[in-house]
Amino acid sequence: MTTTPRRFVLRDGTWPLHQKLDALIGPLTDLQAYRRYLVSVGQLRMGVEASLSPIQWPSFFENWRPTFLSAPLQADMHDLQVSCKSHATIKSPGSVSELLGMLYVLEGSALGARILVKQAASLNLTSSFGARHLAVQTDVSNASWPTFLALLEKAPAFDAQTAITSASNVFSFAVNEVMSIDHTAGVQ
């Protein structure tokens with residue numbers, strides 16, 4: 001009997017929300033769209049990263065930690081003269097499965113960053129101005145995603161539904177942030 005790798009279980013379980021978020025963000029074809037994206041991702045990352053700060057990392061993570069982007073995001077927002085509102089936080093994970101679900105979304109965003117970094121470059125945004133967070137995520141020396149995938153598979157206690165719910169909560173949080181920014185800006 002073959003088992004489906006956990007990453008695909010998470011991907012399949014969160015697919016509709018992931019697609020909704022991608023559609024809401026859309027292509028970054030001008031600076032206005034990029035600023036909107038930047039504030040949205042800033043709200044998401046700062047909120048989720050704040051929820052991770054008090055946790056005890058599982059021992060099987062050893063020295064690995066997720067890629068935190070709050071600092072480069074704040075620098076990028078400063079460059080483009082935008083800022084986040086007081087960011088909302090998401091509930092801290094209460095189990096390893098909840099943590100893995102959250103991290104699936106955070107670490108997986110590096111895959112989308114490969115597309116976004118090209119769109120940012122077309123707007124003259126770089127690793128030293130406006131797109132630092134994308135540079136961090138797309139740095140070839142950053143092996144965070146493959147390392148996370150290995151940890152996901154070797155997690156000793158894993159409840160797929162709990163992880164899917166947790167990942168879905170992060171995607172929903174992100175969707176709500178984009179919609180809130182659009183509402184504030186009068187975008188329908």
Side-chain angles (χ1 to χ4, degrees), residues 10-11 14-53 65-93 101-145 148 166-188:
L10 285 164
R11 181 198 63 195
T14 60
W15 186 255
L17 280 169
H18 190 171
Q19 294 306 299
K20 183 175 184 174
L21 178 61
D22 286 352
L24 276 171
I25 290 175
L28 307 178
T29 55
D30 57 35
L31 283 176
Q32 180 180 351
Y34 186 82
R35 284 183 178 103
R36 174 181 166 266
Y37 152 79
L38 190 59
V39 172
S40 299
V41 78
Q43 290 283 117
L44 168 69
R45 292 301 293 230
M46 289 178 211
V48 174
E49 290 176 17
S51 79
L52 295 176
S53 64
R65 296 296 177 269
T67 304
F68 289 106
L69 296 177
S70 292
L73 279 163
Q74 288 173 333
D76 291 341
M77 286 187 278
H78 181 266
D79 291 341
L80 296 174
Q81 302 174 341
V82 294
S83 62
C84 291
K85 62 182 181 189
S86 288
H87 63 297
T89 56
I90 194 167
K91 182 175 119 358
S92 292
M102 291 176 85
L103 294 177
Y104 168 79
V105 178
L106 295 186
E107 292 301 312
S109 68
L111 302 177
R114 294 177 187 166
I115 296 166
L116 298 177
V117 75
K118 293 174 186 169
Q119 294 175 4
S122 74
L123 301 172
N124 296 316
L125 303 171
T126 67
S127 62
S128 59
F129 182 84
R132 289 172 189 84
H133 75 286
L134 294 172
V136 169
Q137 288 186 292
T138 58
D139 183 341
V140 293
S141 68
N142 181 354
S144 199
W145 175 244
F148 169 73
S166 180
S168 294
N169 288 342
V170 175
F171 277 121
S172 293
F173 184 81
V175 165
N176 290 337
E177 289 302 321
V178 174
M179 291 172 64
S180 172
I181 289 163
D182 286 351
H183 178 73
T184 301
V187 177
Q188 300 299 329

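As a basis for the values below, the full set of heavy atoms in this structure was taken, side chains included, without hydrogen atoms, waters or symmetry mates.
Of the N and O atoms on the side chains of Thr67 and Gln137, not one donor lies less than 3.5 Å from an acceptor on the other residue.
Atom OG in Ser70 sits 5.0 Å away from atom CE in Met46 (nearest 0.5 Å). Atoms OG and CD, from Ser83 and Gln74 in turn, are 10.5 Å apart once rounded to the nearest 0.5 Å. Here the CZ atom belonging to Phe171 is positioned 7.5 Å from the CG atom belonging to Asp22, to the nearest 0.5 angstrom. A distance of 8.5 Å separates CG in Leu10 from OG in Ser168, rounded to the nearest 0.5 Å.
Across all non-hydrogen atoms, the minimal contact from Gly42 to Met77 is CA-CE, 4.3 Å. Shown here for Arg45 and Leu106, the closest heavy-atom pair between the two residues is NH1-O, 3.2 Å. When all heavy atoms are compared, the tightest approach of Val105 to Ala167 is CG2-O, 3.6 Å. Here the shortest heavy-atom pairing between Arg36 and Leu24 reads NH2-O, 2.6 Å. Between Ser92 and Ser51 the shortest heavy-atom distance is OG-O, 2.6 Å. Considering every non-hydrogen atom in both Leu28 and Ala33, the closest pair reads CD2-O, 3.7 Å.
With sequence neighbours left out, Arg132 forms a salt bridge (Lys or Arg N to Asp or Glu O under 4.0 Å) with Asp76, Asp79. For Phe68, the ring-ring contact (aromatic ring centres under 6.0 Å, His included) test picks out no residue, with sequence neighbours left out.
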Using the side chain to side chain contact (heavy atoms under 4.5 Å, CB included) rule, take Arg11 and His18 through it: C-alpha gap first, then chi angles, then the decisive distance, then the call.
CA-CA 9 Å; Arg11 181 198 63 195; His18 190 171; 5.9 Å; no
Do His133 and Val136 pass the side chain to side chain contact (heavy atoms under 4.5 Å, CB included) test, and can you show the C-alpha distance, the side-chain angles, and the key distance before you say yes or no?
CA-CA 5 Å; His133 75 286; Val136 169; 5.7 Å; no
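Partner of Leu125 under the side-chain contact (heavy atoms from CB on, under 4.5 Å) criterion, chosen from Val117, Leu80, Leu134, Leu116: Leu80.
Counting heavy-atom neighbours within 6.0 Å of Leu31 CG, excluding the residue itself, gives a total above 12.
The shortest side-chain heavy-atom distance between Asn169 and Lys91 does not fall under the 4.5 Å cut-off. Two residues are said to be in side-chain contact when any heavy atoms from C-beta on lie closer than 4.5 Å; Leu44 and Ile90 fail this criterion.
For the pair Glu107 (side chain) and Pro66 (backbone), a donor-acceptor distance under 3.5 Å is absent. Under a 3.5 Å cut-off, the side chain of Ser180 and the backbone N or O of Asn176 do not form any donor-acceptor pair.
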